[in-house]
Structure formats: structure tokens, C-alpha cells
Enquirer: 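Dropping a structure here in C-alpha cells format, bear with me for questions.
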Amino acid sequence: MKITSRVIIAITSCAILAGASYHELIHSEDINTQLRDFIVPSKVHFDGTYSHKMDGFGVSLCWWAVGVGGWTNNTSYNMLMDAFFNNRTGLGLNQVRYNIGGSGVGDNEVAKYRAGAFVPAYQDADGSYNWTADATQLRVLHSAVQRGLRYVQAFSNSPPYWMTVSGSATGNGNGAFDNLKADMFPAFASYLANVTEYLYKHEGIVIDSVTPLNEPGSNWWHQGGDQEGCHFSPTSQNKIITLLGMICAFGFFFFPCSLYSIGKELSVRGLPVAVSGPEENSIDDTLKRVQSYDTGGLGSLGVITTHTYNGESRAQLLEFAKKNNKRLWASEYGTGSGPLQGGLQLATRIVMDINVLQPSVWTLWQSADLDNSLSKSGWGLTAATYCGCVNGASCQCSENNQGTFVVRKQYWAYKHFTRFLVPGSMIASTTSPNLVAALDPYKRVVVVVPNTDSSSASLEFDFGQMIPTASCAMLYFTDANNDMNSTKATIQGTTVHVSLTGESVNSIVIGNACGMI
């Protein structure tokens, strides 16, 4: 199927930790401080300027798509796809990160992978390609496209295991050292190019952006871990970025070619693909890396992408991106800690990122946990059953592992952003950093505000400088007892008055049509 909408693929080479891991420990240390600092302002008004346009919200496909893509219960499968990608009944996500695998049966640590994390490389050690290796995840990708997906960011958690120093896609024996063999940089670039070319020419995926990096400066990618991961030193980062991005040969996408450097390995194949990166775990580290790249490395970047788990340099990274004429994406964040199954922490992080970092696309780490117990806790917005066949093994699966899922509380928290800050929404500057206000494409004022306090709070929002009049205002709210419930809000002149329940995520829609579009 030919995709006529613009789809971005950013190929990255390392993954994020999930579950009860390093990131979870970091989050548990700062969650109370983060929530305490988000105080609902009593009165807010528009200051007359708009900072940027939101192009959308997304999610990573790994590792849940590996399991869900194998469901035989098509009814349940389509229900979950709609829950994530349908823009009328679900979240309406319009961006995903597609995981290009590096695992294989010859991996030295083949028995260590967690459920879903074993994603076979398309290329085998003998150089041949198996284009059916990742059928389940690709099924989910096509299902998302059929529901209106616009941007695809594909990423490789590691180079194929046979290109690595350790012989495993889980990382080097010492996580502080590179795992890509010194003589395999060209081979890795060719692998990314070949997969990208296949997706474009044979699967109908229009490709725009490639990055070989993902949390490359982190030292937790070590051999024997339960997922793929890869360390790249700053010098190696610059080398692989420069290798991929050298000339801008094609300019027939929606944006001027001057904004996107085209990878040499890809441009010679007639594929218009920009380079993006560096995908560091910390915003501070992302800024340091892009500042350290030489003219070849920086010149090859069309999109600066960062994870926002840690770091404070949002404004500085934004300034750098603007100065160097680069787009800026928040390409990963996730949590499962605190009230609303992490929903409050998620909401405060999105608010902070949108207001200060000002990315055009914001991406969540996990929309589903592969969890046959269907527990209510975890990083995913949902819990989904899976076959249980891992590491390339063949086995028989019971029907109840082929299509069961539960929606968790964090799903509803994320939906406040994905369904109200729709693509094309202009983010408004206001007198408070603790909420997001926007003018959506339908000329409605939308305000998303978390109340992190256990007590209720009152808010007055003056919309007069954004739209002249409004005939209605609705408050949508998610708290411990409600999931996106709604009630009418009070309008007095050009001011809306609302009362927010304790520990809640809220959306206010103001205009002449206040339903969920």
C-alpha cells in the first residue's frame, strides 16, 4: 500500500530501560519534588504570543508490538489498535517509533531477553536478508498507518549481534565501551539503509529521517542484559552520523531540502531520508553532544531528538536547535510511578517539555506492557497478553494469550494531550508554566492542566486575547474515580471558571463547539 501522507523514520541504535530498572529508580527519587512544584495557578491569561505548533503525539512500538502483532483474535487486536491510533475513539496517536531489530539465534545472550525484546535482525551473519523476520511488529505498523498514522520513527536498539564486539545485541561486556566493531561502521550504515529501502519500496513506508543513535552515552547497555542496547562514544557518534549524512540530494518532501541532510547510504538509492539524533537519555547530554559535533556531524542532522527522562537544559537545547535551523522532537519519556499509575507525573513532564523545550512531536515510551497477569501497574498505558514464545523459539500458545488487554489509568492521562492538543494546535504563551494552553485548528481554546495536590483547586482562565467570544466551555477530568468524564464549565465574559479535583489531569475546551473532536 502506498502511503501518501508524510511519514518520518528515525532509525536509532539503542533502547531505553523499562520496568523496575535504572530509570524507575531515578523517577522514584524525584517524583515527589516534581509533583510538589506543579501548583495550579488561581488566575491565568494569554500573553499575546504563540511559541510553536504541535505536529502530534506518538509512542514506541517496542516491545509490545512484537507480542500484540501475533494475536490471532482479530476482534481484540483491532480494538487495541483503535484504542491507540483511532483519532475519534482512541488516543489518535499519529507517530510511532518502529524498532529495527538486532537480535538473532546466534546472539551469545539469546536466553536473556525479556518478553518482546528479542527482535530479529533482518540481516543474518552470512549477509542474507530475511524480510519476514519481523512480521508481527510490521503488522502493527501497517495497522497504525491504516488508522491515519503520519510519522514513523524507526529505531534499532543495537546493530545486528554479529556486528558487535561482544557477539550480543545486549551490549559490550563493559557498558562504558562501544559495542559496534571498529570495522563495522560501514556495514551498520548499509544495514540501516537496506532496511529503510525495503520499508519504503516494498512496504509503502515513506521515509524521511534516520539516526543510528539512542541513549548512546549511557553505560547501562552491558552484555547479558534483557534487552538490546549499544554504547557509542562521542567520537563514534560523530563518525556514524557523518557517515550517514553527507549530502542533501532530494527535496520533494513537505519541507525544504535545506533543512534535511540526506544519508549517503540512502541518497544513492534514491531515498529522501534525513539524519536525526542524538537521542540521549538526558536533555543536558543531548545538548553537550550536539555542541561537540564537528561541521560534518552537525551538518548531517536535520532533526535534533532527545529523551527527557533527566536534565534541565530545555531552553538551551531549544535555542541551539533554532540557531542551527533544526527541528526538535522529544522522542521518549515514560513512567509508571505515583498517582494515577504515573499519570500525574506523565502529565507534568509533558507540560514542562511543551512549554520550555517546545518540541513539535512528543513521544511516549510504552503504550502497552506485555503482561499475562494483566496487572494494573507498570509503565504501559495498557497491559496486554502475549504468546510467551521468546528468543525465536516456536511453541503453541493458548487462545487466552492471543488477544486480552486492560486499559490502565495512565492511558486517560495521556489522552488529555493527544485528543485535545491535536496536530496543528498553536501552543500559547501564558502567565503560568504549569499548564498548556493552545488554539486548536478549529479555533477553540484548549487548556490542559494537572492538579498534583490531593486537595481540589480553582482556576480562572481569561481567553479573551485568543478568541473574541465563546458559547460553551467544557471540563474533561481524570482522577482516581473518573476517566475522561466531562462537565460544563462556567463562562463569565471572557473568563472560564473551573474547579479541579485533587490528583487529577484536566482539559478545558472553550469555543463554539466544545465536544471531543
Side-chain angles (χ1 to χ4, degrees), residues 16-32 34-35 57 59-68 71 73 75-77 79-85 89-91 93 114-117 226 309 332-350 364-388 398-419 450-454 476-485 501-507:
I16 189 74
L17 291 173
S21 59
Y22 175 83
H23 290 149
E24 188 68 22
L25 295 176
I26 292 293
H27 294 160
S28 66
E29 291 171 355
D30 67 6
I31 181 172
N32 291 331
Q34 180 179 329
L35 297 184
F57 290 87
V59 73
S60 171
L61 292 187
C62 78
W63 299 288
W64 65 272
V66 175
V68 170
W71 282 5
N73 185 325
T75 299
S76 294
Y77 174 80
M79 287 175 61
L80 189 58
M81 293 301 99
D82 284 338
F84 295 150
F85 303 112
T89 61
L91 295 176
L93 301 178
R114 69 172 73 189
D226 62 0
Y309 290 97
E332 185 175 302
Y333 177 79
T335 182
S337 300
L340 305 184
Q341 189 243 326
L344 274 185
Q345 187 181 16
L346 176 67
T348 57
R349 185 56 53 96
I350 296 175
L364 181 72
W365 165 228
Q366 286 287 283
S367 61
D369 288 332
L370 295 180
D371 178 5
N372 284 337
S373 69
L374 298 177
S375 65
K376 294 182 179 180
S377 62
W379 282 43
L381 306 180
T382 64
T385 57
Y386 65 98
C387 177
S398 62
E399 186 64 26
N400 63 350
N401 290 137
Q402 295 294 295
T404 307
F405 69 92
V406 295
V407 176
R408 294 169 171 167
K409 208 67 177 179
Q410 194 179 157
Y411 174 93
W412 302 103
Y414 195 33
K415 193 171 185 178
H416 282 270
F417 295 91
T418 66
R419 287 302 304 275
N451 178 18
T452 62
D453 196 271
S454 58
Y476 297 82
F477 58 99
T478 295
D479 56 26
N481 301 310
N482 298 280
D483 298 328
M484 209 70 146
N485 287 18
T501 58
E503 295 186 339
S504 62
V505 182
N506 308 272
S507 298

Enquirer: Does any part of the side chain of T335, heavy atoms only, come nearer than 4.5 Å to the side chain of Y309, both counted from C-beta?
Expert: no

Enquirer: Kindly write out the residues that satisfy side-chain contact (heavy atoms from CB on, under 4.5 Å) with T89, not counting sequence neighbours, or none if the list is empty.
Expert: D82, N86

Enquirer: Which heavy-atom pair separates D479 from S504 by the least distance, and what is that distance?
Expert: CB-CB, 3.9 Å

Enquirer: May I ask you to decide if W379's main-chain N or O and D369's side chain share a donor-acceptor pair within less than 3.5 Å?
Expert: yes

Enquirer: Scan side-chain atoms only and decide if E503 and S454 contain a donor-acceptor pair under the 3.5 Å cut-off.
Expert: no

Enquirer: Before giving the answer on side-chain contact (heavy atoms from CB on, under 4.5 Å), spell out for F57 and I350 the whole-Å C-alpha distance, their side-chain angles and the decisive distance to 0.1 Å.
Expert: CA-CA 10 Å; F57 290 87; I350 296 175; 4.1 Å; yes

Enquirer: Measuring from S337:OG to L344:CG, what's the distance to the nearest 0.5 Å?
Expert: 12.0 Å

Enquirer: Has R419 got a side-chain atom pairing as donor or acceptor with G90's backbone, closer than 3.5 angstrom?
Expert: yes

Enquirer: Would you name the heavy atoms of F85 and L93 that are closest together and state the gap between them?
Expert: CD2-O, 3.7 Å

Enquirer: Who are the salt bridge (Lys or Arg N to Asp or Glu O under 4.0 Å) partners of D483, not counting sequence neighbours?
Expert: K409

Enquirer: Mind checking whether F84 and W64 have ring centres under 6.0 Å apart?
Expert: yes

Enquirer: Within the side chain of Y411, is there an N or O that forms a donor-acceptor pair under 3.5 Å with the backbone of G380?
Expert: no

Enquirer: With side-chain contact (heavy atoms from CB on, under 4.5 Å) as the criterion, how do V407 and L381 come out once you've worked through the C-alpha distance, each side chain's angles and the decisive distance to 0.1 Å?
Expert: CA-CA 7 Å; V407 176; L381 306 180; over 6 Å; no

Enquirer: Could you give the distance from OG (S507) to CZ (F477), rounded to the nearest 0.5 Å?
Expert: 11.5 Å

Enquirer: Taking atom OG1 of T478 and atom OH of Y414, what is their separation to the nearest 0.5 Å?
Expert: 14.5 Å

Enquirer: Got a sec, which residues hit side-chain contact (heavy atoms from CB on, under 4.5 Å) with S76, two or more places apart in sequence or on another chain?
Expert: W71, N73

Enquirer: How many angstroms lie between CG in D371 and OG1 in T385, if you round to the nearest 0.5 Å?
Expert: 9.5 Å

Enquirer: More than 12 foreign heavy atoms under 6.0 Å from CE of M79: is that the case here?
Expert: no

Enquirer: Would you say Y386 and N372 make side-chain contact, with heavy atoms under 4.5 Å?
Expert: yes

Enquirer: Give me the atom names and distance for the closest heavy-atom approach of T418 to L91.
Expert: OG1-O, 2.8 Å

Enquirer: Between K415 and M484, is any pair of side-chain heavy atoms under 4.5 Å apart?
Expert: yes

Enquirer: Identify the heavy atoms of A347 and V505 that sit nearest to each other, and give their distance.
Expert: CB-CG2, 3.9 Å

Enquirer: Can you measure from OH (Y476) to CG (N485) and round to the nearest 0.5 angstrom?
Expert: 11.0 Å

Enquirer: Do L340 and Q410 make a side-chain contact, defined as non-hydrogen atoms from C-beta onward lying under 4.5 Å apart?
Expert: no

Enquirer: Ignoring hydrogens and angles, tell me if any N or O in the side chain of N451 forms a donor-acceptor pair with the backbone of T501 under 3.5 Å.
Expert: yes

Enquirer: What's the separation between atom CZ in F405 and atom OG1 in T382, rounded to the nearest 0.5 Å?
Expert: 7.5 Å

Enquirer: Work out which heavy atom in V59 is nearest to a heavy atom in Q366; give both atom names and the distance.
Expert: CG2-C, 3.9 Å

Enquirer: How far apart are the closest heavy atoms of A383 and R408, and which atoms are they?
Expert: CB-NH2, 3.5 Å

